[in-house]
Amino acid sequence: MSAQPLSRRFYARDVAVVARDLLGRLLWRESADGVTSGRIVEVEAYLPEGDTACHAFRGPTRRNATMFGPPGRAYVYAIHSRWCLNAVTEPEGSACAVLIRAVEPAAGVELMRARRRREALLELARGPARLCEAFAIDRALDGWDLTRGEQLWIARGPRSRLAGEQVAVSPRIGVTSAHDLLLRYYLAGNRFVSGRRNPKPESSKRRAGELQPQPATRRGKVNE
DNA sequence: CTACCGATTGACT
DNA sequence: GTCAATCGGTAGA
């Protein structure tokens with residue numbers, strides 16, 4: 001079942017590991033207007049320690065309270081009068097989250113067009129605030145439990161989550177500090193990824209930005 | 001209360 | 001490529 005929600009255990013792991021593992025998964029939204037879904041193609045991790053760009057860096061506030069709660073909840077915040085969606089990760093007390101930066105529209109494309117008041121498929125959910133508008137995500141969903149599998153959740157997706165696609169890494173977009181951290185993960189060559197051009201990877205040739213083999217993850221593998 | 005800032009977007013040169 | 005709208009969050013008086 002491609003709409004089955006990811007579990008609490010999935011989100012309770014290291015934030016960078018969860019971020020990378022969210023690529024290729026399906027974001028689902030059920031509202032009074034109808035259902036939309038999209039394939040996650042770009043994410044960013046915000047670390048619980050030493051990350052000046054993380055909203056939790058200076059301690060808890062009213063806005064970031066959800067980040068200090070249990071994993072698997074939606075952290076929705078506003079910037080420049082727009083909304084952005086995160087998934088809270090790691091065990092409670094470790095304030096960190098994954099920003100969902102772009103999805104490739106799947107179901108409910110016409111509903112997304114109406115909400116965005118735009119026709120172009122590439123303009124519907126390419127960018128964190130754009131996807132929130134297309135999926136009718138706002139402040140009311142801050143703190144929503146993404147493991148419930150209703151209203152708003154992320155699903156396991158198809159068995160071949162990344163069908164031969166390469167994961168690329170880069171500094172995060174838009175942040176004014178911590179440019180040295182490579183915590184943006186995206187599908188190389190995918191046209192629904194935000195930012196400047198995202199060229200298709202050349203086959204059998206190492207390129208800058210290509211993900212190097214990862215060191216062993218701290219926690220066990222989760223098969224979801 | 002005021003002042004400042006930003007994990008953005010869309011319009012424009 | 002540049003730039004500013006626009007407003008919630010935050011810190012500080």
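Below, chains carry the letters A, B, ... as their sequence lines are ordered, and counting in each starts from 1.
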Options dT8(B), dC7(C), dG8(C), nucleotide nearest the side-chain atoms of Ala78(A):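 Nearest listed nucleotide: dG8(C).
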Contact class for [X] vs. all strands (heavy atom < 4.0 Å): base, sugar-phosphate, or nothing?
X	value
Arg116(A)	sugar-phosphate
Arg172(A)	nothing
Ala53(A)	base
Arg58(A)	nothing
Arg126(A)	nothing

DNA chain C base-pair string [pairs: Watson-Crick or G-U under 3.5 Å; |: paired with another strand]: |||||.||||||.
Could you check whether Arg8(A) pairs with Asp145(A) (Lys NZ or Arg NE/NH1/NH2 to Asp/Glu carboxylate O, under 4.0 Å)?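 Looking at Arg8(A) and Asp145(A), the cut-off is met.
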Can a side chain N or O of [X] be found less than 4.0 Å away from OP1 or OP2 on [N]?
X	N	answer
Arg118(A)	dA11(B)	yes
Arg139(A)	dG9(C)	yes
Thr176(A)	dC5(B)	no
Thr61(A)	dT10(C)	yes

Could you state the [atom1]-[atom2] distance from [X] to [N], rounded to the nearest angstrom?
X	N	atom1	atom2	result
Asp138(A)	dG9(C)	CG	P	12 Å
Phe57(A)	dG9(C)	CZ	C1'	18 Å
Ile173(A)	dT8(B)	CD1	C1'	11 Å
Ile79(A)	dC5(B)	CD1	C1'	9 Å
Trp83(A)	dG8(C)	CH2	P	7 Å
Arg130(A)	dA11(B)	CZ	P	10 Å
His80(A)	dG6(B)	NE2	C1'	4 Å
His55(A)	dC5(B)	NE2	P	16 Å

Verify stack between Tyr77(A) ring and dA7(B) base, 5.5 Å, 30 degrees: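 One would not call Tyr77(A) stacked on the dA7(B) base.
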Quickly, which of Arg82(A), Arg118(A), Arg117(A), Arg115(A) forms a salt bridge (charged side-chain N to carboxylate O under 4.0 Å, His left out) with Glu133(A)? Name it, please.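 Considering Arg82(A), Arg118(A), Arg117(A), Arg115(A), a salt bridge (charged side-chain N to carboxylate O under 4.0 Å, His left out) with Glu133(A) is found only for Arg117(A).
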Co-membership, hydrophobic cluster, residues Leu111(A) and Val103(A), 4.5 Å side-chain: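 They do not share one cluster, since no chain of ILVMFWY contacts under 4.5 Å joins Leu111(A) to Val103(A).
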Side-chain donor/acceptor of Trp153(A) to backbone N/O of Ala3(A), under 3.5 Å: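 Judged by distance alone, yes, a pair lies under 3.5 Å.
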Take Arg184(A) and Val175(A) through the test side chain to side chain contact (heavy atoms under 4.5 Å, CB included) and record every step on the way to the result. CA-CA 11 Å; Arg184(A) 172 174 174 252; Val175(A) 296; over 6 Å; no
Taking atom types as modelled, is there a side-chain donor on Arg29(A) or Thr36(A) under 3.5 Å from an acceptor on the other?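 Checked: Arg29(A)/Thr36(A) side chains show no N/O donor-acceptor pair below 3.5 Å.
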Are side-chain heavy atoms of Arg39(A) and Phe192(A) found at a separation under 4.5 Å?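 SC-SC contact between Arg39(A) and Phe192(A) ruled out.
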Going by heavy atoms in the side chains, are Tyr11(A) and Ile154(A) under 4.5 Å from each other?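 SC-SC contact between Tyr11(A) and Ile154(A) confirmed.
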